[in-house]
Every structure is written in structure tokens, then in C-alpha cells.
Amino acid sequence: MLYGICSDIHSNATAFEAVLQSMNDNGVERRVCLGDLVGYGADPDECVKLARDNMDLCLIGNHDSVAIKYESSVGFNPYAKQAIEWTQSHMCKESIEYLKALPYIKEENDITFVHASPLSPADWVYVTDLEEALDAFDHFHGTYCFIGHTHSPVIVASRPMAIPKILDEYEYTIANTERLLVNVGSVGQPRDRDCRASWCLLDTDTKCVRIIRVEYDVFQTQERMRKAGMPEFLIERLSVGR
């Protein structure tokens, strides 16, 4: 089975469309989104519709949760808070109902999908170092766990009786005893100094994972954000991927 796994779309329909096309080009058979369809960008309804029409599985992310008022935006920085309040006032009823139906975590065969960390999916724990990766490995039982939330792709490999290792490469085939924690990066707002959209291809037959980067028309997205009155900081950061 070829899985296409993406995350953190953040109301960037142009980037999402480019990733969906890339998934098609790579023969993806099952499409999974790890959440944060909305927030930051100007295309919330468009991105929800794209997910509804194209994803086989979609999870809820923290921005989605705030957008549908499951929780407050108290912990958001001022730019994110402004964007999510705009999103709350612009989403249609159908988008809200779709987001309300999304699960926090999903296990499928030997794969775990979650937006943040399997440690406590609804608490939006960031996995940014080896200690947090260790906690994550302790809370899923299969071979693979795919996460998003940090907007930076990374592959972490773990073997029995060994400390997990952060890999330098973005393509990796596991050995029989290994398990992987994979951050698939962000479609709509990358933060690893690469402005291209990011997604992950998993081949369960060969046991290979690969982070794929996709170019899209960043200027088009930025223009829609300006028309919507989004903060210039959120607009400009798309050009540099930070």
C-alpha cells in the first residue's frame, strides 16, 4: 500500500492542490491528513472541501479545534490569534461540521496517525527533541507513527534497547526491528527554511518512507491573504519557509 500523508494545510488551497497532484503523480492509494486544515491562511472552506473530497482519513489539529471553538486561542501568538478569529467568522456551516467530526488519533494496522504526539493527542504536545521523541515512542505500539504540528519534517528511528536517532536523510527504509516516528512537515506553512510544501510517502511493502517537497505558487496564496487582511508577518514568512 502506498500512503500519502500530509499535515498543517493552514488554509493554503494552492499548496494543498499541488500536494494532491503530487500524490496522484506518485501513485498514492490512501491519503491521510494529520490536521490543521485551517488557520493562518485565507482559504479555510476551500481546504476543508479539498480534504473532504480527496482524503481517505483526516484528523483534527489544534487550529481546527480553536476554529470550531472547542478551546480558546489564549495560547496563540497575536498573528495566529488574528488569523483564527478571521477564520471563525468566515467558515461556512459545512466546514465547521466536518471539522467537528474529525478524530484526534487513528491506528490503522501497524500505523498510528496523530497531529501532535501520541502521548496525549488532545493536549497538542510538540515533539522537537529526543526526549519528546522517546515519550512519543512509548505511546504507540506499531511500526510507524506519523505526526505534524511543528511544520518541520524529520524522521526518527528507534531500535530495541537503543536511544532513538534523528536521521539526516529524508528517505529511509527500515530494518525488521526498527520503528519510525515521522514528522511529515507542513503543506501550507513550512518552517524549515524551505518554502516548498511537504508531504510523506509511505510504501508498506518496501517499508520505505520519503519526504517529498512540492513547489507551488506562493505569490498567489500571499495575494489572497493580503486581500483578507491577514498580518504581513504571516504573509511574508511563506516566501522563506520559516
What are the two closest heavy atoms between [X] and [Y], and how far apart are they?
X    : Y    : answer
L238 : G188 : CD2-O, 3.3 Å
I5   : M23  : N-CE, 3.9 Å
A13  : D43  : N-OD2, 3.0 Å
I9   : C33  : CG1-SG, 4.0 Å
G39  : S11  : N-OG, 3.4 Å
L34  : G148 : CD1-N, 4.0 Å

Measuring only between side-chain heavy atoms, which start at C-beta, is [X] closer than 4.5 Å to [Y]?
X    : Y    : value
I212 : S22  : yes
P118 : C145 : yes
Q88  : V66  : yes
Y144 : D110 : yes
V127 : I147 : yes
H149 : N62  : yes
V209 : E171 : no

Please determine, by modelled atom types, if [X] and [Y] share a side-chain donor-acceptor pair under 3.5 angstrom.
X    : Y    : value
S117 : D135 : no
R191 : Q189 : yes
E178 : S158 : no

Working to the nearest 0.5 angstrom, can you tell me the gap between [X] [atom1] and [Y] [atom2]?
X    : Y    : atom1 : atom2 : answer
E94  : L99  : CD    : CG    : 12.0 Å
R159 : N176 : CZ    : CG    : 10.5 Å
S65  : L102 : OG    : CG    : 10.5 Å
I111 : L202 : CD1   : CG    : 5.0 Å
M55  : R30  : CE    : CZ    : 10.5 Å
Y98  : I68  : OH    : CD1   : 12.0 Å

> Would you say E169 has more than 12 foreign heavy atoms packed within less than 6.0 Å of its CD?
Replying inline: yes
Under 4.5 Å between side-chain heavy atoms, hopping through other hydrophobics if needed: is there a path connecting [X] to [Y]?
X    : Y    : value
L119 : L130 : no
Y3   : I174 : yes
V48  : V19  : yes
V114 : V182 : no
L201 : I155 : no

>> Once side chain to side chain contact (heavy atoms under 4.5 Å, CB included) is applied, do any residues pair with H90, and if so which ones, sequence neighbours excluded?
In response: W86
> How would you list, by chain and number, every residue that makes a side chain to side chain contact (heavy atoms under 4.5 Å, CB included) with A15, sequence neighbours excluded?
Replying inline: N12, V187, A197, Y216
Residue pairs, two or more places apart or on separate chains, that pass salt bridge (charged side-chain N to carboxylate O under 4.0 Å, His left out) and touch [range]:
range            : answer
residues 54-81   : K81-E85
residues 229-242 : R226-E232, R226-E236
residues 195-210 : D194-R196
residues 12-27   : none

>> Restricting to ring-ring contact (aromatic ring centres under 6.0 Å, His included), what partner residues turn up for F140, sequence neighbours left out?
In response: F137
>> My understanding is that only residues two or more places apart in sequence, or in another chain, count here; which of them pass ring-ring contact (aromatic ring centres under 6.0 Å, His included) with W124?
In response: Y104, H115
Inter- and intrachain pairs under ring-ring contact (aromatic ring centres under 6.0 Å, His included), touching [range], at least two apart:
range            : result
residues 164-207 : none
residues 13-63   : H10-Y40, H10-H63, Y40-H63, H63-F76
residues 220-242 : Y79-F233

Is there a donor-acceptor pair under 3.5 Å between the side chain of [X] and the backbone N or O of [Y]?
X    : Y    : value
Q82  : P78  : no
T87  : A67  : no
R179 : G142 : yes

> Is R213 salt-bridged to D192, going by a charged N under 4.0 Å from an acidic O?
Replying inline: yes
>> Show every side-chain hydrogen bond (donor to acceptor under 3.5 Å, both in side chains) that has at least one partner inside residues 44-53, sequence neighbours left out.
In response: D45-S95, K49-D53
> Under the side-chain hydrogen bond (donor to acceptor under 3.5 Å, both in side chains) criterion, do N183 and T150 qualify, and how do the steps go?
Replying inline: CA-CA 8 Å; N183 191 312; T150 70; 2.9 Å; yes
